[in-house]
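Heads up, the thing below is written out as structure tokens.
A, B, ... follow the sequence lines: proteins, then strands. Residue 1 opens every chain. What you are looking at is a predicted structure, and each value in this text was computed from that prediction instead of being measured.
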Number of protein chains: 2
Amino acid sequence: MELFVRRLAAHSDLDAEERDAVLQLPVQLLEVRSNVDFVRLGEQIDHACLVAEGLVGKFGQTEDGRRQIVSVHIPGEMADLSSLMMPQAATALNSLSSTTILRVAHKDLRALGLRYPSIATAFWRSSVLDGAIVAQWLVNVGRRDARARLAHLFCEMAVRYRLLDQSDGRRYTLPMTQEQLGDALGLTSVHVNRTLQHLREEKLLRVERSAVTIMDWKALVRAGEFDTLYLQRPDL
Amino acid sequence: MELFVRRLAAHSDLDAEERDAVLQLPVQLLEVRSNVDFVRLGEQIDHACLVAEGLVGKFGQTEDGRRQIVSVHIPGEMADLSSLMMPQAATALNSLSSTTILRVAHKDLRALGLRYPSIATAFWRSSVLDGAIVAQWLVNVGRRDARARLAHLFCEMAVRYRLLDQSDGRRYTLPMTQEQLGDALGLTSVHVNRTLQHLREEKLLRVERSAVTIMDWKALVRAGEFDTLYLQRPDL
DNA sequence: CGCAACATTGATTTCACTCAAAACAGGTGG
DNA sequence: CCACCTGTTTTGAGTGAAATCAATGTTGCG
């Protein structure tokens with residue numbers, strides 16, 4: 001929860017009272033095993049899901065069962081703040097690993113926004129920043145080859161995890177399977193596997209289990225044509 | 001401008017006074033020829049662009065010059081309302097055809113949001129709905145083949161144009177070249193051309209110049225696995 | 001009329017997919 | 001503590017959808 005406030009404060013000015021008000025938000029704890037759809041497509045939502053631990057994927061789906069991950073959310077991020085403005089879920093939420101969620105009621109969020117306009121603004125800005133990430137993913141999937149897609153994703157996640165664990169960003173834990181990486185990048189797990197090997201041979205990065213180690217940041221950025229502009233955050 | 005209000009009112013409740021306040025917004029007229037970047041990447045923005053006529057594309061770019069259209073905006077839509085919350089443009093805006101734009105100053109929009117909270121909410125909701133469309137495009141580009149991608153796009157545009165021209169949605173004018181369609185769908189213009197021919201042979205739809213005629217709506221919906229859920233609008 | 005976009009066609013190549021099987025954890029219960 | 005199961009990663013061989021390269025039509029406009 002603290003993390004959530006820190007994230008908000010990173011892009012929007014909030015005074016002590018406002019930060020405190022967010023911290024006081026009543027939440028309901030929810031533990032989910034790996035690979036559970038805890039928000040289903042078309043469902044009517046009355047609470048938002050804040051990721052406390054683990055990893056959450058927002059999924060779109062085709063009729064033949066192929067899935068596309070539209071965004072991933074790491075601890076401290078509200079996975080579906082947008083549900084406040086769009087209560088019928090157009091995408092599903094799925095735990096990519098075993099995850100703990102804090103549910104926050106819409107009515108509490110709404111009340112908070114009414115009472116503190118700058119919090120409402122911060123939420124709005126959050127939605128917009130999330131949207132900018134999705135847009136970049138679209139560029140990534142639409143116009144780059146497998147190698148660049150993977151490189152770009154790992155660069156992005158490095159920057160996003162940095163705010164979380166204060167590490168130097170060269171190492172982080174991304175609990176996604178190769179299958180899930182494929183779902184995020186519009187690739188098959190087989191091709192992800194081969195491309196990952198290629199990336200390792202090139203000494204750009206190494207992924208073992210869930211541990212990502214970036215060996216050559218500069219080269220990785222070049223490979224993924226990564227530019228932090230859309231994240232509105234400084235580079236590593 | 002009227003159209004913009006109608007769009008807002010379609011998803012958010014606004015009373016007469018609020019609707020009027022939006023209509024009174026001072027604007028600056030801007031005519032742009034086809035294929036002009038009137039908002040460039042990384043530019044600092046202090047006004048939003050409302051499309052009055054024509055068609056606007058939001059572009060992401062790779063280093064080798066390949067472009068990906070991240071969203072298109074038809075008359076009555078604010079192409080970059082998000083710039084209010086993210087003044088440094090992470091995507092460019094380009095006129096896909098000759099277009100007329102109404103520029104609205106950020107400060108006026110902000111003032112309006114402050115004075116009328118439900119307008120602020122309506123703007124926020126607009127951002128969220130835009131985001132939902134981008135997310136669907138990501139599913140489309142990531143997981144569907146060329147035929148389905150095109151079908152999906154034409155279905156979506158049919159629904160979106162309906163609010164505009166009150167037609168039955170079977171015919172509309174989409175001033176995009178095949179090259180631009182390719183940029184929107186992550187395909188080359190050559191492949192768009194061939195797939196379009198295929199779609200015509202199947203008697204699903206016909207595209208001549210900019211005139212789209214849907215010949216078999218049901219079949220097109222099936223081909224594109226189109227579901228209006230994400231648009232929060234009724235089907236045709 | 002002639003230029004500049006745009007659309008269309010053909011031939012070839014390539015990147016990524018499919019199918020299939022094997023190796024490799026990690027966790028469970030006997 | 002090992003045998004087993006399930007999910008994940010790895011490898012191989014063959015296929016296919018879309019890209020690339022390169023011309024040739026077409027259309028509309030100044």
task: Determine the contact category for A:Gly186: base if any of its heavy atoms lies under 4.0 Å from a base atom, sugar-phosphate if only primed atoms, P, OP1 or OP2 are that close, otherwise nothing.
output: sugar-phosphate
query: Does the B:Arg103 side chain pair with the main chain of B:Gln28, one donor and one acceptor, at a distance under 3.5 Å?
result: no
message: Nearest to the side chain of B:Gln197, heavy atoms from C-beta on, is which of C:dT9, C:dC6, C:dA25?
response: C:dT9
task: Would you confirm whether A:Arg143, through its side chain, and B:Leu187, through its main-chain N or O, come within 3.5 Å as a donor-acceptor pair?
output: yes
- request: Please report, rounded to the nearest Å, how far the P atom of C:dT14 is from the CZ atom of A:Arg147.
  value: 18 Å
task: Let me know the distance between CD of A:Gln180 and C1' of D:dT8, rounded to the nearest Å.
output: 11 Å
statement: Regarding the side chain of A:Asp145, the nearest nucleotide among C:dT8, C:dC15, D:dT9 is C:dC15
task: From the options D:dT10, C:dT8, C:dA16, select the nucleotide whose nearest atom is closest to the side chain of A:Asn193.
output: D:dT10
query: Could you state the CG-P distance from B:Asn35 to C:dA5, rounded to the nearest angstrom?
result: 10 Å
- prompt: Is any NZ, NE, NH1 or NH2 atom of the basic residue among A:Glu63 and B:Arg222 found under 4.0 Å from an Asp or Glu carboxylate oxygen of the other?
  reply: no
query: Rounded to the nearest Å, what distance is computed from the CD atom of residue A:Glu179 to the P atom of nucleotide C:dA25?
result: 19 Å
Under 4.0 angstrom between B:Thr188 side-chain N/O and D:dA18 OP1 or OP2: no
- prompt: Starting at CZ of A:Arg144 and ending at C1' of C:dA16, how long is that distance when rounded to a whole Å?
  reply: 18 Å
task: Could you check how far NE2 of A:His191 sits from C1' of D:dA13, rounded to whole Å?
output: 16 Å
message: Just the rounded figure in Å: distance from C1' of C:dT14 to CZ of A:Arg194.
response: 15 Å
message: With a 4.5 Å cut-off on side-chain heavy atoms, are B:Arg171 and B:Ile214 touching?
response: no
query: Are there more than 12 heavy atoms of other residues, nucleotides or ligands under 6.0 Å from atom CD of A:Glu2?
result: no
Rounded distance (Å) that lies between atom P of D:dA19 and atom CD of B:Gln178: 13 Å
- request: Would you indicate which nucleotide in D:dT9, C:dT18, C:dA16 comes nearest to any side-chain atom of A:Arg66?
  value: C:dT18
- prompt: Looking at D:dT9, C:dG26, D:dA19, which one has an atom nearest to any side-chain atom of A:Arg209?
  reply: C:dG26
- line: From the candidates C:dT9, C:dC17, D:dT11, the one with an atom nearest any side-chain atom of A:Val190 is D:dT11
